[in-house]
Amino acid sequence: MSSTESPSVPAATSALPRVAPVRVGEGERLRSVGLPGVTLSIRSRRPAHEDLPPALYVHGLGGSSQNWSALMAELDGVVHSEAVDLPGFGDSPPPDDGDYSVTGHARAVIRYLDAAGRGPVHLFGNSLGGAVTTRVAAVRPDLVRTLTLVSPALPELRIQRTAAPTALLGVPGVAALFTRLTKGWTAEQRVRGVLGLCYGDPGRVSPEAFQHAVEELERRLQLPYFWDAMARSARGIVNAYTLGGQHGLWRQAERVLAPSLLIYGGRDQLVGFRMAPRAARAFRDSRLLSLPDAGHVAMMEYPDVVATAFRELLADTGEPARSAGAAVPGEGS
(Lines give C-alpha, C1' and ligand atoms only; values in the text may rest on other atoms or scores of the structure.)
Protein backbone atom coordinates (compact mmCIF):
# COMPACT_ATOMS: atom_id res chain seq x y z
CA MET A 1 0.00 0.00 0.00
CA SER A 2 1.31 3.44 -0.87
CA SER A 3 -0.02 6.52 0.86
CA THR A 4 0.54 10.19 0.18
CA GLU A 5 -0.92 13.16 2.00
CA SER A 6 -2.96 15.12 -0.52
CA PRO A 7 -5.02 17.97 0.90
CA SER A 8 -4.97 19.94 -2.33
CA VAL A 9 -4.14 17.63 -5.23
CA PRO A 10 -6.84 15.33 -6.65
CA ALA A 11 -6.12 11.61 -6.40
CA ALA A 12 -6.95 11.15 -10.09
CA THR A 13 -4.23 10.40 -12.58
CA SER A 14 -2.48 13.08 -14.62
CA ALA A 15 -4.59 12.12 -17.65
CA LEU A 16 -7.66 13.62 -15.97
CA PRO A 17 -8.45 17.33 -16.18
CA ARG A 18 -7.25 19.67 -13.45
CA VAL A 19 -10.13 20.56 -11.17
CA ALA A 20 -10.52 22.55 -7.97
CA PRO A 21 -9.21 20.86 -4.83
CA VAL A 22 -11.54 18.91 -2.57
CA ARG A 23 -12.55 20.77 0.57
CA VAL A 24 -10.85 19.61 3.77
CA GLY A 25 -12.65 20.69 6.93
CA GLU A 26 -11.11 21.94 10.13
CA GLY A 27 -9.41 19.11 12.01
CA GLU A 28 -9.43 16.85 8.91
CA ARG A 29 -6.78 15.64 6.52
CA LEU A 30 -7.04 13.92 3.16
CA ARG A 31 -4.62 11.39 1.76
CA SER A 32 -4.43 9.17 -1.31
CA VAL A 33 -3.85 5.44 -0.86
CA GLY A 34 -2.69 3.29 -3.76
CA LEU A 35 -3.94 -0.32 -3.74
CA PRO A 36 -3.97 -3.08 -6.37
CA GLY A 37 -6.46 -1.98 -9.03
CA VAL A 38 -7.75 1.06 -7.17
CA THR A 39 -6.66 4.34 -5.60
CA LEU A 40 -8.72 5.57 -2.66
CA SER A 41 -8.93 8.98 -1.05
CA ILE A 42 -9.18 8.72 2.74
CA ARG A 43 -10.48 11.54 4.95
CA SER A 44 -9.50 11.31 8.60
CA ARG A 45 -9.40 13.16 11.90
CA ARG A 46 -6.48 13.14 14.27
CA PRO A 47 -7.42 10.84 17.19
CA ALA A 48 -7.82 12.49 20.58
CA HIS A 49 -6.01 9.51 22.14
CA GLU A 50 -3.66 6.98 20.59
CA ASP A 51 -5.59 4.00 21.98
CA LEU A 52 -8.96 4.85 20.40
CA PRO A 53 -10.54 2.03 18.37
CA PRO A 54 -10.68 2.61 14.60
CA ALA A 55 -13.81 3.48 12.63
CA LEU A 56 -14.41 3.57 8.87
CA TYR A 57 -17.31 5.38 7.16
CA VAL A 58 -18.69 4.57 3.69
CA HIS A 59 -20.90 7.06 1.84
CA GLY A 60 -23.88 6.58 -0.46
CA LEU A 61 -24.56 7.01 -4.19
CA GLY A 62 -23.35 10.42 -5.38
CA GLY A 63 -21.87 11.19 -1.97
CA SER A 64 -18.35 11.32 -0.63
CA SER A 65 -16.37 11.12 2.58
CA GLN A 66 -17.51 14.70 3.31
CA ASN A 67 -20.97 13.29 4.14
CA TRP A 68 -19.48 11.99 7.39
CA SER A 69 -17.58 15.09 8.54
CA ALA A 70 -20.20 16.21 11.08
CA LEU A 71 -20.55 12.77 12.66
CA MET A 72 -16.78 12.23 12.70
CA ALA A 73 -16.39 15.47 14.66
CA GLU A 74 -19.12 14.37 17.10
CA LEU A 75 -17.22 11.14 17.74
CA ASP A 76 -13.87 12.76 18.51
CA GLY A 77 -12.58 11.06 21.64
CA VAL A 78 -14.72 7.96 20.99
CA VAL A 79 -13.16 6.44 17.86
CA HIS A 80 -10.30 7.15 15.45
CA SER A 81 -12.32 8.15 12.38
CA GLU A 82 -11.54 7.59 8.72
CA ALA A 83 -13.96 7.98 5.81
CA VAL A 84 -13.37 6.58 2.35
CA ASP A 85 -14.25 8.02 -1.05
CA LEU A 86 -15.48 5.00 -3.00
CA PRO A 87 -13.89 4.50 -6.44
CA GLY A 88 -15.16 7.15 -8.86
CA PHE A 89 -16.56 9.38 -6.11
CA GLY A 90 -15.21 12.27 -4.07
CA ASP A 91 -11.49 12.48 -4.74
CA SER A 92 -11.02 8.81 -5.72
CA PRO A 93 -10.48 8.06 -9.43
CA PRO A 94 -12.37 5.24 -11.17
CA PRO A 95 -11.34 1.63 -10.47
CA ASP A 96 -8.99 0.10 -13.03
CA ASP A 97 -11.49 -2.64 -13.92
CA GLY A 98 -14.54 -0.34 -14.13
CA ASP A 99 -16.38 -2.47 -11.56
CA TYR A 100 -18.93 -0.31 -9.74
CA SER A 101 -21.01 -3.18 -8.41
CA VAL A 102 -21.81 -3.48 -4.71
CA THR A 103 -19.30 -6.33 -4.60
CA GLY A 104 -16.70 -4.20 -6.40
CA HIS A 105 -17.10 -1.38 -3.89
CA ALA A 106 -17.01 -3.87 -1.00
CA ARG A 107 -13.82 -5.36 -2.40
CA ALA A 108 -12.21 -1.89 -2.42
CA VAL A 109 -13.14 -1.37 1.25
CA ILE A 110 -11.78 -4.81 2.17
CA ARG A 111 -8.53 -4.14 0.30
CA TYR A 112 -8.05 -0.92 2.21
CA LEU A 113 -8.75 -2.48 5.60
CA ASP A 114 -6.47 -5.42 4.89
CA ALA A 115 -3.66 -3.17 3.66
CA ALA A 116 -4.02 -0.69 6.52
CA GLY A 117 -4.26 -3.38 9.19
CA ARG A 118 -6.90 -1.35 11.02
CA GLY A 119 -9.48 -4.09 11.44
CA PRO A 120 -11.65 -4.93 13.15
CA VAL A 121 -13.23 -1.49 12.83
CA HIS A 122 -16.47 0.16 13.79
CA LEU A 123 -17.99 0.23 10.29
CA PHE A 124 -20.55 2.81 9.18
CA GLY A 125 -22.52 2.88 5.93
CA ASN A 126 -25.20 5.09 4.38
CA SER A 127 -27.47 4.16 1.47
CA LEU A 128 -25.24 2.45 -1.14
CA GLY A 129 -22.57 2.42 1.55
CA GLY A 130 -25.03 0.51 3.74
CA ALA A 131 -25.29 -2.24 1.15
CA VAL A 132 -21.51 -2.24 0.71
CA THR A 133 -20.78 -2.47 4.44
CA THR A 134 -23.43 -5.16 4.92
CA ARG A 135 -21.58 -7.26 2.34
CA VAL A 136 -18.22 -6.53 3.98
CA ALA A 137 -19.54 -7.53 7.41
CA ALA A 138 -21.03 -10.74 6.01
CA VAL A 139 -18.00 -11.98 4.07
CA ARG A 140 -15.26 -10.66 6.37
CA PRO A 141 -16.55 -10.68 9.95
CA ASP A 142 -12.95 -10.45 11.17
CA LEU A 143 -12.81 -6.88 9.88
CA VAL A 144 -15.94 -5.58 11.62
CA ARG A 145 -16.34 -4.74 15.30
CA THR A 146 -19.76 -3.07 15.08
CA LEU A 147 -21.93 -2.10 12.11
CA THR A 148 -23.93 1.14 11.94
CA LEU A 149 -26.26 1.53 8.96
CA VAL A 150 -28.01 4.79 8.07
CA SER A 151 -30.84 4.20 5.57
CA PRO A 152 -29.09 1.17 4.01
CA ALA A 153 -29.95 0.39 0.38
CA LEU A 154 -31.28 -3.12 0.95
CA PRO A 155 -33.74 -4.68 -1.52
CA GLU A 156 -37.35 -3.49 -1.49
CA LEU A 157 -40.12 -5.21 -3.44
CA ARG A 158 -41.90 -1.90 -3.96
CA ILE A 159 -39.55 1.07 -4.14
CA GLN A 160 -40.92 4.51 -3.36
CA ARG A 161 -42.02 6.59 -6.34
CA THR A 162 -39.53 9.29 -5.32
CA ALA A 163 -36.69 6.76 -5.56
CA ALA A 164 -37.55 5.68 -9.12
CA PRO A 165 -35.44 8.34 -10.93
CA THR A 166 -32.34 7.24 -9.00
CA ALA A 167 -32.96 3.61 -9.94
CA LEU A 168 -33.48 4.63 -13.58
CA LEU A 169 -29.96 6.07 -13.67
CA GLY A 170 -28.80 2.47 -13.86
CA VAL A 171 -30.59 1.90 -17.17
CA PRO A 172 -28.11 2.18 -20.08
CA GLY A 173 -28.45 5.51 -21.86
CA VAL A 174 -30.55 7.22 -19.18
CA ALA A 175 -27.60 9.08 -17.62
CA ALA A 176 -26.62 10.49 -21.02
CA LEU A 177 -30.23 11.49 -21.71
CA PHE A 178 -30.53 13.13 -18.28
CA THR A 179 -27.29 15.02 -18.91
CA ARG A 180 -28.68 16.44 -22.16
CA LEU A 181 -32.06 17.32 -20.64
CA THR A 182 -30.52 19.12 -17.67
CA LYS A 183 -27.70 20.83 -19.53
CA GLY A 184 -29.08 24.25 -18.63
CA TRP A 185 -29.44 23.55 -14.91
CA THR A 186 -27.13 25.47 -12.62
CA ALA A 187 -25.17 23.77 -9.86
CA GLU A 188 -27.37 25.62 -7.35
CA GLN A 189 -30.51 24.13 -8.92
CA ARG A 190 -29.04 20.64 -8.88
CA VAL A 191 -27.96 20.91 -5.25
CA ARG A 192 -31.40 22.16 -4.17
CA GLY A 193 -32.93 19.16 -5.89
CA VAL A 194 -30.58 16.73 -4.16
CA LEU A 195 -31.12 18.33 -0.75
CA GLY A 196 -34.88 18.23 -1.26
CA LEU A 197 -34.63 14.53 -2.02
CA CYS A 198 -32.18 13.59 0.75
CA TYR A 199 -33.11 15.80 3.70
CA GLY A 200 -36.27 15.50 5.76
CA ASP A 201 -36.08 19.29 6.16
CA PRO A 202 -33.74 21.01 3.66
CA GLY A 203 -34.03 24.12 5.79
CA ARG A 204 -31.59 22.53 8.24
CA VAL A 205 -28.79 23.09 5.72
CA SER A 206 -26.86 26.25 6.54
CA PRO A 207 -26.01 28.76 3.78
CA GLU A 208 -22.34 27.88 4.26
CA ALA A 209 -22.98 24.14 3.87
CA PHE A 210 -25.13 24.82 0.80
CA GLN A 211 -22.32 26.82 -0.82
CA HIS A 212 -19.82 24.06 -0.04
CA ALA A 213 -22.14 21.54 -1.72
CA VAL A 214 -22.44 23.75 -4.80
CA GLU A 215 -18.66 24.11 -5.07
CA GLU A 216 -18.19 20.35 -4.71
CA LEU A 217 -20.77 19.61 -7.41
CA GLU A 218 -19.19 22.14 -9.77
CA ARG A 219 -15.87 20.37 -9.21
CA ARG A 220 -17.29 16.93 -9.88
CA LEU A 221 -19.17 17.96 -13.01
CA GLN A 222 -15.79 18.69 -14.60
CA LEU A 223 -14.71 15.08 -14.14
CA PRO A 224 -15.26 13.05 -17.33
CA TYR A 225 -16.24 9.95 -15.36
CA PHE A 226 -18.78 11.61 -13.03
CA TRP A 227 -21.97 10.41 -14.72
CA ASP A 228 -20.46 7.04 -15.60
CA ALA A 229 -19.64 6.37 -11.94
CA MET A 230 -23.15 7.44 -10.94
CA ALA A 231 -24.88 5.33 -13.59
CA ARG A 232 -22.79 2.19 -13.08
CA SER A 233 -23.09 2.38 -9.28
CA ALA A 234 -26.87 2.83 -9.58
CA ARG A 235 -26.93 -0.20 -11.86
CA GLY A 236 -24.87 -2.05 -9.27
CA ILE A 237 -27.54 -1.39 -6.62
CA VAL A 238 -30.33 -2.56 -8.94
CA ASN A 239 -28.37 -5.71 -9.82
CA ALA A 240 -27.70 -6.40 -6.14
CA TYR A 241 -31.44 -6.17 -5.48
CA THR A 242 -32.05 -9.00 -7.95
CA LEU A 243 -29.47 -11.41 -6.56
CA GLY A 244 -30.83 -14.40 -4.69
CA GLY A 245 -29.30 -17.18 -2.65
CA GLN A 246 -26.26 -16.64 -0.47
CA HIS A 247 -25.27 -13.52 -2.43
CA GLY A 248 -28.57 -11.77 -1.75
CA LEU A 249 -28.21 -8.75 0.53
CA TRP A 250 -30.96 -9.85 2.93
CA ARG A 251 -29.33 -13.28 3.21
CA GLN A 252 -26.01 -11.59 3.89
CA ALA A 253 -27.64 -9.34 6.50
CA GLU A 254 -28.66 -12.50 8.34
CA ARG A 255 -25.00 -13.61 8.34
CA VAL A 256 -23.69 -10.45 10.00
CA LEU A 257 -22.26 -11.31 13.41
CA ALA A 258 -21.32 -7.82 14.56
CA PRO A 259 -23.63 -5.85 16.87
CA SER A 260 -25.58 -3.56 14.56
CA LEU A 261 -27.24 -0.16 14.86
CA LEU A 262 -29.92 0.51 12.24
CA ILE A 263 -31.07 4.09 11.65
CA TYR A 264 -34.10 4.95 9.51
CA GLY A 265 -35.68 8.32 8.74
CA GLY A 266 -39.43 8.81 8.71
CA ARG A 267 -39.16 11.30 5.81
CA ASP A 268 -36.72 9.24 3.74
CA GLN A 269 -37.70 9.48 0.06
CA LEU A 270 -35.13 6.94 -1.15
CA VAL A 271 -35.23 4.06 1.36
CA GLY A 272 -38.66 3.14 2.68
CA PHE A 273 -39.17 3.70 6.41
CA ARG A 274 -41.36 0.58 6.32
CA MET A 275 -38.19 -1.49 5.77
CA ALA A 276 -36.95 -0.76 9.30
CA PRO A 277 -38.77 -3.67 11.02
CA ARG A 278 -37.55 -6.13 8.41
CA ALA A 279 -33.97 -4.94 8.86
CA ALA A 280 -34.28 -5.26 12.63
CA ARG A 281 -35.36 -8.88 12.18
CA ALA A 282 -32.66 -9.69 9.61
CA PHE A 283 -29.63 -8.46 11.55
CA ARG A 284 -29.33 -10.93 14.42
CA ASP A 285 -27.84 -8.55 17.00
CA SER A 286 -29.47 -5.25 16.11
CA ARG A 287 -30.78 -2.06 17.68
CA LEU A 288 -33.22 0.14 15.74
CA LEU A 289 -33.29 3.93 15.89
CA SER A 290 -36.24 5.58 14.13
CA LEU A 291 -36.02 9.32 13.49
CA PRO A 292 -39.45 10.56 12.33
CA ASP A 293 -38.20 13.91 11.02
CA ALA A 294 -35.02 12.66 9.33
CA GLY A 295 -34.61 11.97 5.65
CA HIS A 296 -32.02 9.82 3.91
CA VAL A 297 -28.86 11.19 5.55
CA ALA A 298 -29.53 11.24 9.29
CA MET A 299 -25.80 11.46 10.05
CA MET A 300 -25.78 14.85 8.31
CA GLU A 301 -29.17 16.01 9.59
CA TYR A 302 -28.88 14.88 13.22
CA PRO A 303 -25.20 14.00 13.80
CA ASP A 304 -25.52 14.53 17.57
CA VAL A 305 -28.42 12.07 17.82
CA VAL A 306 -26.63 9.47 15.70
CA ALA A 307 -23.45 9.90 17.78
CA THR A 308 -25.41 9.39 21.00
CA ALA A 309 -26.99 6.22 19.62
CA PHE A 310 -23.54 4.91 18.62
CA ARG A 311 -22.17 5.59 22.09
CA GLU A 312 -25.11 3.66 23.52
CA LEU A 313 -24.30 0.78 21.16
CA LEU A 314 -20.74 0.73 22.52
CA ALA A 315 -21.99 0.80 26.11
CA ASP A 316 -24.54 -1.92 25.36
CA THR A 317 -21.95 -4.22 23.80
CA GLY A 318 -19.19 -3.43 26.30
CA GLU A 319 -16.79 -2.38 23.54
CA PRO A 320 -13.46 -1.28 25.06
CA ALA A 321 -11.90 2.00 23.96
CA ARG A 322 -8.58 0.53 22.91
CA SER A 323 -6.71 -0.17 19.70
CA ALA A 324 -7.95 -3.04 17.57
CA GLY A 325 -5.78 -5.97 16.64
CA ALA A 326 -4.47 -6.64 13.17
CA ALA A 327 -6.80 -7.92 10.51
CA VAL A 328 -6.80 -11.51 9.43
CA PRO A 329 -4.96 -11.77 6.09
CA GLY A 330 -6.92 -12.45 2.95
CA GLU A 331 -9.78 -10.87 1.11
CA GLY A 332 -13.38 -11.73 0.56
CA SER A 333 -15.51 -10.84 -2.41
Side-chain angles (χ1 to χ4, degrees), residues 45 47-58 67-68 70-83 109 113 118-127 129-154 249-250 252-266 268 271 273-294 296-325 327-328:
R45 293 186 65 85
H49 308 289
E50 290 302 320
D51 61 350
L52 289 178
L56 185 70
Y57 307 77
V58 185
N67 293 165
W68 298 101
L71 181 60
M72 289 166 67
E74 288 283 345
L75 292 177
D76 276 350
V78 179
V79 292
H80 178 189
S81 292
E82 290 189 344
V109 171
L113 288 175
R118 298 185 81 236
V121 299
H122 295 293
L123 191 60
F124 294 72
N126 168 238
S127 192
V132 170
T133 53
T134 295
R135 184 149 290 172
V136 171
V139 302
R140 288 295 302 276
D142 60 293
L143 293 177
V144 183
R145 182 176 290 222
T146 66
L147 180 64
T148 297
L149 303 178
V150 181
S151 297
L154 299 175
L249 284 170
W250 284 116
Q252 292 194 321
E254 295 170 353
R255 292 167 51 192
V256 172
L257 301 177
S260 302
L261 172 61
L262 312 173
I263 302 172
Y264 282 80
D268 195 332
V271 169
F273 185 70
R274 65 181 182 276
M275 301 305 295
R278 179 175 182 181
R281 292 192 300 269
F283 290 87
R284 64 180 72 188
D285 185 4
S286 66
R287 296 113 185 109
L288 176 62
L289 173 62
S290 299
L291 299 177
D293 295 327
H296 190 60
V297 287
M299 75 284 186
M300 301 173 72
E301 301 170 85
Y302 300 97
D304 55 335
V305 177
V306 173
T308 297
F310 176 71
R311 291 190 189 96
E312 291 172 351
L313 171 67
L314 296 187
D316 185 33
T317 58
E319 278 290 328
R322 58 178 174 79
S323 296
V328 174

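Owing to the predicted nature of the structure, the values given are computational and were not obtained by experimental measurement.
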Rounded to the nearest 0.5 Å, what separates atom [atom1] in [X] from atom [atom2] in [Y]?
{"X": "S151", "Y": "L291", "atom1": "OG", "atom2": "CG", "result": "9.0 Å"}
{"X": "L262", "Y": "R281", "atom1": "CG", "atom2": "CZ", "result": "12.0 Å"}
{"X": "L149", "Y": "L261", "atom1": "CG", "atom2": "CG", "result": "8.0 Å"}
{"X": "L143", "Y": "T133", "atom1": "CG", "atom2": "OG1", "result": "12.5 Å"}
{"X": "Y302", "Y": "L289", "atom1": "OH", "atom2": "CG", "result": "11.5 Å"}
{"X": "L71", "Y": "F124", "atom1": "CG", "atom2": "CZ", "result": "5.5 Å"}

Report the C-alpha distance between N126 and M299 in whole Å, list the side-chain angles of each, state the deciding distance to 0.1 Å, and finish with yes or no for side-chain contact (heavy atoms from CB on, under 4.5 Å).
-> CA-CA 9 Å; N126 168 238; M299 75 284 186; 3.4 Å; yes

If you measure from the Lys or Arg side-chain nitrogens to the Asp or Glu carboxylate oxygens, is any gap between E312 and R287 under 4.0 Å?
->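 The answer is no: the pair does not qualify as a salt bridge.
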
At their closest point, which heavy atom of [X] faces which heavy atom of [Y], and how far apart are they?
{"X": "V271", "Y": "H296", "value": "CG2-CE1, 3.5 Å"}
{"X": "V78", "Y": "L52", "value": "O-CD2, 3.7 Å"}
{"X": "R118", "Y": "H80", "value": "NH2-O, 3.0 Å"}
{"X": "A131", "Y": "A153", "value": "CB-O, 3.4 Å"}
{"X": "A298", "Y": "V306", "value": "O-CG2, 3.8 Å"}
{"X": "L249", "Y": "T134", "value": "O-CG2, 4.2 Å"}

Can you label the angle between the Y57 ring and the W68 ring as parallel, tilted or perpendicular, going by 30° and 60°?
->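 Because their plane-to-plane angle lies in the 30° to 60° range, the rings of Y57 and W68 count as tilted.
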
Criterion side-chain contact (heavy atoms from CB on, under 4.5 Å) against V136, the qualifying member of V256, V58, L123 |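 For V136, the side-chain contact (heavy atoms from CB on, under 4.5 Å) test succeeds with only one of V256, V58, L123, which is L123.
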
Within the side chain of S286, is there an N or O that forms a donor-acceptor pair under 3.5 Å with the backbone of A280?
->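 Looks like yes, one N/O pair under 3.5 Å.
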
Short question: side chain of R284, backbone of E254 - any donor-acceptor pair under 3.5 Å?
->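 Here the side-chain-to-backbone pair exists.
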
Criterion side-chain contact (heavy atoms from CB on, under 4.5 Å) on L75 and H122, from CA distance to verdict | CA-CA 12 Å; L75 292 177; H122 295 293; over 6 Å; no

Heavy-atom check, side chain of W250 versus side chain of R278, under 4.5 Å |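 They are in contact (side-chain heavy atoms under 4.5 Å apart), so the answer is yes.
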
Would you call N67 and V297 a side-chain contact if the rule is heavy atoms closer than 4.5 Å?
->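 No. Closest side-chain heavy atoms not under 4.5 Å.
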
